[in-house]
2 protein chains.
Amino acid sequence: MADVAERAGVSPSTVSRTLRGLPTVSPDVRARVEEAARELNFAVSRQAASLVTGKTGVVAALVPTLNSWFMGSALSSLGPLLRAAGMELTVYVIPDMSERTAFFERLPARRNADALAVFGFDLTDEETVRLDDLGMPVIYVSQHADGRPSVYVDDADGARKATRHLLNLGHRRIAFAPTLGATGFCFSSRERLLGYQQALTEAGIPLDDDLVVTMSSDDKRDITQGVGKLLSLREPPTAIFAETDELAISIIYFLRKAQIQVPERISVIGFDDHQMAEWTDLSTVAQSPSDMGRLAGELALQLIQDSDADHTRHVVLPTHLIPRATTAPPPAPQGGHEGAVEERRI
Amino acid sequence: MADVAERAGVSPSTVSRTLRGLPTVSPDVRARVEEAARELNFAVSRQAASLVTGKTGVVAALVPTLNSWFMGSALSSLGPLLRAAGMELTVYVIPDMSERTAFFERLPARRNADALAVFGFDLTDEETVRLDDLGMPVIYVSQHADGRPSVYVDDADGARKATRHLLNLGHRRIAFAPTLGATGFCFSSRERLLGYQQALTEAGIPLDDDLVVTMSSDDKRDITQGVGKLLSLREPPTAIFAETDELAISIIYFLRKAQIQVPERISVIGFDDHQMAEWTDLSTVAQSPSDMGRLAGELALQLIQDSDADHTRHVVLPTHLIPRATTAPPPAPQGGHEGAVEERRI
DNA sequence: CTGAAAGCGCTAACAA
DNA sequence: TTGTTAGCGCTTTCAG
């Protein structure tokens, strides 16, 4: 910066003012400084600046993985939004329990970010408390956190929609397949289970624990076994509501592999409206992770600016049912002969 | 840090030494300092440290989007690797041309990272030169950059494998569908096209430009039109090689929707071995983006440490063909009656 | 509108 | 093994 100052024939202070766009710089000086900066390929060091301002210019995101449709979409919208505000995005990927423990013990984000967005973890109370004294706003995304800023979809409502859709088609034996990430992380399982149960109760159908089978969506064997468990019940389900589209698609794969027609014999519905849902004609409940990323980013920027903004704001996003070709009325009670024309599907 | 020093009854330097794990600290002092640090919830400010060391402790990744299987997998493996080395990952998401221009003009990573990993962009020469004087090692991932460190798969070879597989099945009219990101970014299209052409030439089949139809994999209309173009040729292809699995899956969707059986009438093969490829029984060429992420990270760390390491190293990863159920021999020349048993697919 | 000077929190010499 | 000192590159008073 001193070089730029010298080249432009002004003091470092003036260079600083110019480069930050402060209005208290005369036009000709501004022009000289900007040219000098360009010629020298000068870029301000965030490190040095933040040392004195106390702001790092960084928003941190805590994610269990980047390798999922949800996270990818959310961060793809968060990133450019932050850049537009002159901020950078640093990502902490926490793929397993030991990394998670390490993260919460050391809290490496402390002093190295102005805000933290926590994506989709089902945090323990201790972990939440730990984040409370991190010294920066923490935004909870895709999860509730009482009394703390959160952005999420109404998962329970979405699950009700999915379940009601199946009920409306005439299904009475409806299974729910929550998914457990390989690492003990848990997205919105609880809420979706709740919505599923509410819809059943609403319809006067007793809950049956045998119809709730957790499957890890990364693990083929686990899915086969889970599907097997459902098929071997004395009264198997005629419909399966999978917690995510990815799980739904793999369940369909195993059902069809076992010669069980979908949706003629068993209907399957997912949750997400993953890009693949369209290509596989999957009925699902849509949510918008990119909206969540955007809103989380806006909330973060706002909380960074007004330290006394409303820190308890919850933003709840809508979901909507997208019926496609994997849900249909259940097969006739005993006859077992199925729908006439069989469409081709991927 | 001064607080910690006072509480532990030592000087700031000693605290610094302790916290950085230098060996020149006596055990009892170390213990006192660590306890004090824990009690005060102290974490070193990277900003201040980097001001004096000149190292930021950050690796930057430049990506066109995070919302793709490839990027998600690559960064999911890069992130934890960097954390294990005590580094942070900051991500620049450059979704469109204007952001791209802005990035290369301002180079915001300058002085704010120790290395930059550029993922999957097809950079212009000017852009590459611009990165050369960024003042930090730049690792090119999923692309060649002559004389600069690169990590990529042998796309041409993978494409040859895919094309040969189709040739071996008896196909002679084979189309190639490169995909153009919505934003003018271009992954490995060129190389894959090349491999496709080589395999054809090798087999003595003349190239036909009509069989190469670009389709934007985000855009439904574009894909329908592209498929339509191929189907309306005087001599339509009996097989399509799609540049990516995602494109392959959507092409299959449109073909089946148009009552064109896959693979009986037209074979389709993709490239990636996307997680969904298995669930859709898609034949494909596998590559491992997580390996690429990992190797890129290792290379970055190495270049950061030894500034005089080999800056021209190229790491080339293998691909392998995974034949599944979307490729089969072409239909009999004129009769048009297809294979006997029809397997069920998602 | 501009410059001088102080200091942000840390590390790296050097001295003890 | 530990403490002292001098900056790293910037922003921010405060004078002018």
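Chain letters run A, B, ... following the sequence lines, proteins first, then strands; residues in each count from 1.
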Problem set entry | Neighbour count above 12 (heavy atom, 6.0 Å) for B:Glu6 CD | no
Every protein N/O lying under 3.5 Å from an N/O of nucleotides 8-11 of chain C:
from: C:dG9; atom 1: O3'; to: A:Arg111; atom 2: NH2; distance (Å): 3.4
from: C:dG9; atom 1: N2; to: B:Ala48; atom 2: O; distance (Å): 3.3
from: C:dC10; atom 1: OP1; to: A:Arg111; atom 2: NH2; distance (Å): 2.4
from: C:dC10; atom 1: OP1; to: B:Ser45; atom 2: N; distance (Å): 3.4
from: C:dC10; atom 1: OP2; to: B:Met1; atom 2: N; distance (Å): 3.0
from: C:dT11; atom 1: OP2; to: B:Ser16; atom 2: OG; distance (Å): 2.5

For this session: May I ask you to say what A:Thr24 touches in the nucleic acid, namely base, sugar-phosphate or nothing, with a heavy-atom cut-off under 4.0 Å?
Result: base
For this session: Write down the atom of B:Ala115, the atom of B:Ile139, and the distance for their closest heavy-atom approach.
Result: CB-CD1, 4.4 Å
Exercise. Are more than 12 heavy atoms from other residues, nucleotides or ligands located less than 6.0 Å from atom CG of A:Asp146?
Worked result: no
For this session: Would you check if B:Asn112 and A:Gln47 make a side-chain contact, meaning some heavy-atom pair closer than 4.5 Å?
Result: yes
Exercise. Just checking, any donor-acceptor pair under 3.5 angstrom between side chains of A:Thr65 and A:Asn67?
Worked result: no
Exercise. Just wondering, are more than 12 heavy atoms of other shown residues or ligands nearer than 6.0 Å to CG in B:Asp28?
Worked result: yes
Problem set entry | Pair A:Thr14-A:Ser11, side-chain donor/acceptor within less than 3.5 Å | yes
For this session: With the side chain counted from C-beta on, respond yes when A:Arg83 and B:Pro108 share a heavy-atom pair under 4.5 Å apart, and no when they do not.
Result: yes
Problem set entry | Start and end of the DNA chain D segment that chain A contacts, any atom under 4.0 Å from a heavy atom | D:dG9 to D:dT12
